[in-house]
Amino acid sequence: MIIKHFTDNDLYKFSVMHAIQKLYPWAYVRYDFINRGKDDFPKGFAERLKEEINKMISLKLTNDEKNFILKRCYFLDPFFVDFLEGYRYNPDEVHISQEGGKLNLYVEGYWYRTVLWEVPLMALISELYFEMIGTKPKDIEIKAKEKAIGLKNLKADYSEFGTRRRYSFDVQDKVVGVLKENSDKYFKGTSNVYLAMKYNTTPIGTMPHEWFMYHGALFGYRSANIKALEAWVDVFQGSLGITLTDTYTTQSFFKSFNLKLAKLFDGVRCDSGDPLEFTEKTIDFYKKNRIDPSSKTIVFSDSLNLNEVKKIKEHVKDRIHDTYGIGTYLSNDVGVKPLNMVIKLTHVKEKPSDDYLNAVKLSDVLGKNTGDENEINFSKLSLGLNENI
């Protein structure tokens with residue numbers, strides 16, 4: 001069994017699940033697997049994946065996991081944690097087929113239930129792929145220690161964000177242990193709730209793109225950012241105060257990020273595009289709104305390694321608090337090429353009897369958009385964005 005623990009999942013999936021249950025309990029959605037790297041999957045992969053997914057029926061929240069969440073995830077209501085205790089994965093929500101080396105996968109059902117599938121499914125796909133093609137990880141602890149010491153020497157606050165594209169659970173487990181042991185105060189935690197519990201560190205997470213995508217599909221792209229942020233505040237009352245900016249491009253985000261929200265949220269997350277340009281845009285935005293940038297945070301989380309962190313830190317120069325969410329570079333740097341894949345929200349309904357609406361995501365990277373092309377073009381038109389974005 002590859003996924004052995006109910007909380008072997010990223011914190012943000014539980015936090016957004018809580019928000020969905022509170023505000024949109026009837027929402028019905030579809031997620032699609034997108035194989036950006038066009039990797040071929042070995043013969044029989046889909047059947048093996050189905051076997052692993054069926055085993056997840058037995059996963060349930062343990063007393064230790066429940067007590068950890070109640071203690072460390074103070075922003076989750078006790079009734080929600082009780083609900084998690086009774087939650088069981090339903091494999092009927094996951095639809096899988098294979099045509100030669102092409103893997104087809106989508107998830108469909110009530111949003112508050114299906115939201116938990118994304119991260120463990122991607123972790124399953126990655127680990128099973130490397131197992132079936134017969135690779136062996138190399139230099140796990142050596143590389144992790146070098147990176148921990150390197151980040152400590154840079155005085156870079158950072159967290160481990162590598163669950164989705166990890167080589168395996170065992171590799172991620174070893175890496176988190178080494179990072180905590182060798183980073184002093186600079187290691188701030190991990191996105192993986194189970195590993196945060198195991199190593200007595202902080203579970204870390206921000207809000208996901210799908211939160212904005214749902215609001216954009218239902219309420220329109222001009223109001224999507226404000227609608228999504230206001231709804232988040234209604235649920236968490238100021239906790240979990242780092243917001244993504246690039247669901248419909250950072251350019252459009254800062255046009256709608258009003259003074260109230262800018263003061264309420266602790267900072268922003270840079271998840272695509274040029275991090276140096278992003279830094280200048282963010283600092284300039286805060287200054288124009290008479291907010292001291294040094295009181296705010298940027299979480300950098302796009303394709304980071306030691307050299308990238310060093311470059312960003314030297315550019316930031318303490319003008320704003322910088323912290324780093326580092327994923328695949330930590331959890332899958334073992335001598336193989338990591339899979340380039342995502343599972344994205346593609347269709348939403350306010351209730352099951354409605355017709356589906358397309359959900360799309362733009363990006364600060366040219367051409368890296370997700371979703372129906374006609375809907376993408378419509379969103380750009382609505383937001384007054386260049387059609388080439």
Side-chain angles (χ1 to χ4, degrees), residues 1-14 17 29-33 35 39 41-66 68-69 81-99 101-137 162-176 190-198 203 331-332 334 336 338-339 341-343:
M1 188 168 179
I2 292 176
I3 305 293
K4 300 181 180 71
H5 311 283
F6 182 78
T7 54
D8 181 12
N9 206 329
D10 281 348
L11 174 67
Y12 79 90
K13 302 307 300 189
F14 295 111
M17 184 188 198
V29 303
R30 171 172 166 152
Y31 297 84
D32 280 272
F33 171 73
N35 183 5
D39 297 276
F41 288 86
K43 184 178 179 180
F45 185 88
E47 294 307 312
R48 285 288 310 279
L49 182 59
K50 288 176 186 177
E51 290 173 8
E52 289 296 332
I53 289 169
N54 286 332
K55 293 175 186 176
M56 291 176 65
I57 297 173
S58 64
L59 294 176
K60 60 182 180 180
L61 193 71
T62 65
N63 286 334
D64 286 345
E65 289 171 319
K66 181 178 181 180
F68 177 78
I69 289 173
V81 183
D82 284 343
F83 166 80
L84 287 180
E85 202 169 19
Y87 178 93
R88 298 294 182 271
Y89 281 100
N90 179 4
D92 290 341
E93 295 165 342
V94 185
H95 306 265
I96 303 169
S97 64
Q98 186 172 352
E99 303 166 31
K102 182 183 178 184
L103 179 67
N104 304 302
L105 183 152
Y106 69 92
V107 180
E108 190 170 36
Y110 283 103
W111 192 19
Y112 79 87
R113 286 193 48 82
T114 55
V115 69
L116 286 192
W117 277 113
E118 176 198 355
V119 172
L121 276 178
M122 290 181 66
L124 269 177
I125 290 168
S126 183
E127 181 162 351
L128 191 57
Y129 173 81
F130 291 116
E131 176 190 311
M132 291 184 70
I133 65 172
T135 61
K136 299 291 182 184
T163 305
R164 294 185 301 162
R165 299 183 187 91
R166 68 193 183 195
Y167 179 87
S168 69
F169 172 80
D170 289 340
V171 166
Q172 187 184 17
D173 185 0
K174 290 176 183 176
V175 166
V176 171
T190 172
S191 62
N192 188 292
V193 179
Y194 178 80
L195 294 177
M197 179 184 74
K198 178 175 180 178
S331 67
N332 200 347
V334 294
V336 301
L339 293 176
M341 59 173 175
V342 293
I343 293 176

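Atom set for the values below is all heavy atoms of this structure, side chains included, hydrogens, waters and symmetry mates excluded.
A donor-acceptor pair under 3.5 Å links the side-chain atoms of Lys13 to the main chain of Val115, judged by distance alone. When atom types are taken as modelled, the side chain of Glu52 and the backbone of Leu124 share no donor-acceptor pair closer than 3.5 angstrom. Looking only at distances, a side-chain donor or acceptor of Thr135 sits under 3.5 Å from a matching main-chain atom of Phe130. Checking side-chain atoms of Asp10 against main-chain N and O of Tyr12 turns up no donor-acceptor pair under 3.5 Å. One N or O on the side chain of Arg113 and one on the backbone of Arg88 form a donor-acceptor pair closer than 3.5 Å.
Side-chain atoms of Asn192 and Arg166, non-hydrogen and from C-beta on, do get closer than 4.5 Å to each other. Here the side chains of Arg48 and Phe41 are not in contact, with every heavy-atom distance at 4.5 Å or above. A heavy-atom distance below 4.5 Å is found between the side chains of Leu59 and Met1. Side-chain atoms of Glu93 and Tyr110, non-hydrogen and from C-beta on, never get closer than 4.5 Å to each other. Two residues are said to be in side-chain contact when any heavy atoms from C-beta on lie closer than 4.5 Å; Glu118 and Arg164 meet this criterion. Contact of the Phe6 side chain with the Lys66 side chain is not registered, since no non-hydrogen atoms from C-beta on lie closer than 4.5 Å. Looking at Glu108 and Asp32, their side chains never come closer than 4.5 Å, going by heavy atoms from C-beta outward. No side-chain heavy atom of Leu339 sits under 4.5 Å from any side-chain heavy atom of Asn35.
For the pair Met17 and Phe83, the tightest heavy-atom approach, listed with the atom from each and the gap, is CE-CE2, 3.5 Å. In terms of heavy-atom proximity, Gln98 sits nearest to Ala46 at OE1-N, 2.8 Å. The two atoms that bring Thr190 and Leu195 nearest to each other are CG2-C, 4.0 Å, heavy atoms only. Closest approach of Glu127 to Phe169, counting heavy atoms only: OE1-N, 3.0 Å. Across all non-hydrogen atoms, the minimal contact from Pro120 to Tyr89 is CG-OH, 3.8 Å. Nearest approach of Ser126 to Met341, heavy atoms of both residues: CB-CE, 3.9 Å.
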_Determine whether Tyr194 and Asn9 satisfy the following criterion, side chain to side chain contact (heavy atoms under 4.5 Å, CB included), listing intermediate values before the conclusion._
CA-CA 7 Å; Tyr194 178 80; Asn9 206 329; over 6 Å; no
*side chain to side chain contact (heavy atoms under 4.5 Å, CB included) between Glu131 and Ser168: does it pass, once the steps are laid out?*
CA-CA 9 Å; Glu131 176 190 311; Ser168 69; over 6 Å; no
*Can you list the steps and then say if Asp82 with Glu85 is a side chain to side chain contact (heavy atoms under 4.5 Å, CB included)?*
CA-CA 5 Å; Asp82 284 343; Glu85 202 169 19; 4.1 Å; yes
*Please step through side chain to side chain contact (heavy atoms under 4.5 Å, CB included) for the pair Leu116 and Tyr87, ending with a clear verdict.*
CA-CA 10 Å; Leu116 286 192; Tyr87 178 93; 3.8 Å; yes
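Interatomic distance, Ile69 CD1 to Met197 CE, rounded to the nearest 0.5 Å: 8.5 Å. From Lys4, atom NZ reaches atom OG of Ser58 across 11.5 Å, with rounding to the nearest 0.5 Å. Rounded to the nearest 0.5 Å, atoms CZ (Arg30) and OG1 (Thr114) are 12.0 Å apart. Here Trp117 contributes atom CH2 and Ile343 contributes atom CD1; the two are 10.5 Å apart, rounded to the nearest 0.5 Å. Put simply, CD1 on Ile125 and CG on Leu105 are 5.5 Å apart, with the number rounded to the nearest 0.5 Å. Here the CD1-CG distance, from Ile133 to Asp39, works out to 8.5 Å after rounding to the nearest 0.5 Å.
Judged by distance alone, the side chains of Gln172 and Thr163 do bring a donor and an acceptor atom under 3.5 Å apart.
Take Glu65 and apply the salt bridge (Lys or Arg N to Asp or Glu O under 4.0 Å) test, not counting sequence neighbours, and it matches no residue. In terms of the side-chain contact (heavy atoms from CB on, under 4.5 Å) criterion, residue partners of Pro137 (sequence neighbours excluded) are, by chain and number, Ile140, Tyr167, Val171, Val334.
The aromatic ring centroids of Phe33 and Tyr31 lie 6.0 Å or more from each other.
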